[in-house]
Amino acid sequence: QVRLVESGGGLVQPGGSLRLSCAVSGSIFTLSAMGWYRQAPGKQREWVATITSDSTDYADSVKGRFTISRDNAKNTVYLQMTSLKPEDTAVYYCKRFLGNNWGQGTQVTVSS
C-alpha cells in the first residue's frame, strides 16, 4: 500500500522560508513522478510543482521562489519555499501521479 506523509509546515513571517518534506513508502519511488499541490481556505486545490526523473515544472505563482527536489535514497520529495507571501498560506499536499496517491497535508501559514 502506498503511503505519503508530509511534514515541515508551520508559521512563518512574510519573506521567510520553509522546507516541506514528503516521505513515500510502498512504491517504486525512483520511477514515480511526484507533485506538490496546495489548498487555501475557500479555494480549490491548485498545482504548485512537479518533479519527474529528469525534469521539474512550476506554477507561475511560485516560479523563482519554490524549488522541488527529490532524494531517491530516502524516498522523499521536498519543496523548498523562499520569499514566502501571505497568499502562499494553504494546506500543502504531495501527490504521486501514478496511482493518484495523496498525503494528508501540512499547514503553511505566512503571517506577521
Side-chain angles (χ1 to χ4, degrees):
Q1 183 176 353
V2 178
R3 186 172 181 226
L4 287 70
V5 179
E6 300 99 332
S7 61
L11 173 64
V12 63
Q13 292 187 342
S17 300
L18 279 176
R19 189 178 80 156
L20 307 183
S21 300
C22 174
V24 183
S25 60
S27 76
I28 305 174
F29 179 76
T30 304
L31 302 179
S32 299
M34 300 292 299
W36 284 97
Y37 288 71
R38 65 186 182 185
Q39 187 166 17
K43 295 187 177 181
Q44 289 190 330
R45 191 172 297 187
E46 65 174 358
W47 169 72
V48 173
T50 297
I51 186 166
T52 67
S53 59
D54 59 1
S55 67
T56 57
D57 197 13
Y58 299 91
D60 288 342
S61 59
V62 307
K63 200 170 291 184
R65 299 188 298 123
F66 291 10
T67 302
I68 189 171
S69 62
R70 65 195 298 161
D71 184 335
N72 290 333
K74 296 182 178 180
N75 282 11
T76 300
V77 61
Y78 302 98
L79 186 68
Q80 178 68 50
M81 305 185 295
T82 63
S83 301
L84 283 161
K85 305 175 182 179
E87 51 263 43
D88 295 318
T89 295
V91 178
Y92 283 71
Y93 300 89
C94 68
K95 176 182 179 178
R96 174 177 170 268
F97 288 102
L98 181 63
N100 194 31
N101 305 112
W102 293 88
Q104 84 288 350
T106 186
Q107 176 71 47
V108 172
T109 303
V110 184
S111 175
S112 55

Atom pair [atom1]/[atom2] of [X] and [Y] - distance to nearest 0.5 Å:
X: L20; Y: T76; atom1: CG; atom2: OG1; result: 12.5 Å
X: I68; Y: Q80; atom1: CD1; atom2: CD; result: 12.0 Å
X: K95; Y: T50; atom1: NZ; atom2: OG1; result: 8.5 Å
X: Q13; Y: S111; atom1: CD; atom2: OG; result: 8.5 Å
X: Y78; Y: I51; atom1: OH; atom2: CD1; result: 11.0 Å
X: M34; Y: N75; atom1: CE; atom2: CG; result: 9.5 Å

If you compare all heavy atoms of [X] against all heavy atoms of [Y], which two are closest, and at what distance to 0.1 Å?
X: T67; Y: Y58; result: CA-OH, 3.4 Å
X: S17; Y: S83; result: OG-N, 4.4 Å
X: A90; Y: A40; result: CB-N, 3.8 Å

Verify same cluster id: [X], [Y] (apolar side-chain graph, 4.5 Å):
X: V62; Y: L18; value: yes
X: V91; Y: M81; value: no
X: Y37; Y: V108; value: no

**Item:** Any residue meeting side-chain hydrogen bond (donor to acceptor under 3.5 Å, both in side chains) with D88, in chain and number order, not counting sequence neighbours
**Value:** R38, R65

I'd like to know if the side chain of [X] and the backbone of [Y] have a donor-acceptor N/O pair within less than 3.5 Å.
X: T89; Y: V110; value: yes
X: T109; Y: L11; value: no
X: R96; Y: L98; value: yes

**Message:** Please check if the number of heavy atoms outside E87 that lie under 6.0 Å from its CD is greater than 12.
**Reply:**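 Yes, because the 6.0 Å sphere around CD of E87 holds more than 12 heavy atoms from other groups.
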
**Prompt:** Is the number of heavy atoms from other residues, nucleotides or ligands under 6.0 Å of K43 NZ greater than 12?
**Reply:**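 It does not: K43 NZ has 12 such atoms or fewer within range.
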
**Message:** With side-chain contact (heavy atoms from CB on, under 4.5 Å) as the test, pick out the partner of E6 among Y93, W102, Y92.
**Reply:**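 Among Y93, W102, Y92, the one meeting side-chain contact (heavy atoms from CB on, under 4.5 Å) with E6 is Y93.
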
**Item:** Side chains of L79 and F66 in contact at under 4.5 Å (non-hydrogen atoms)
**Value:**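 Yes, close enough: below the 4.5 Å cut-off.
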
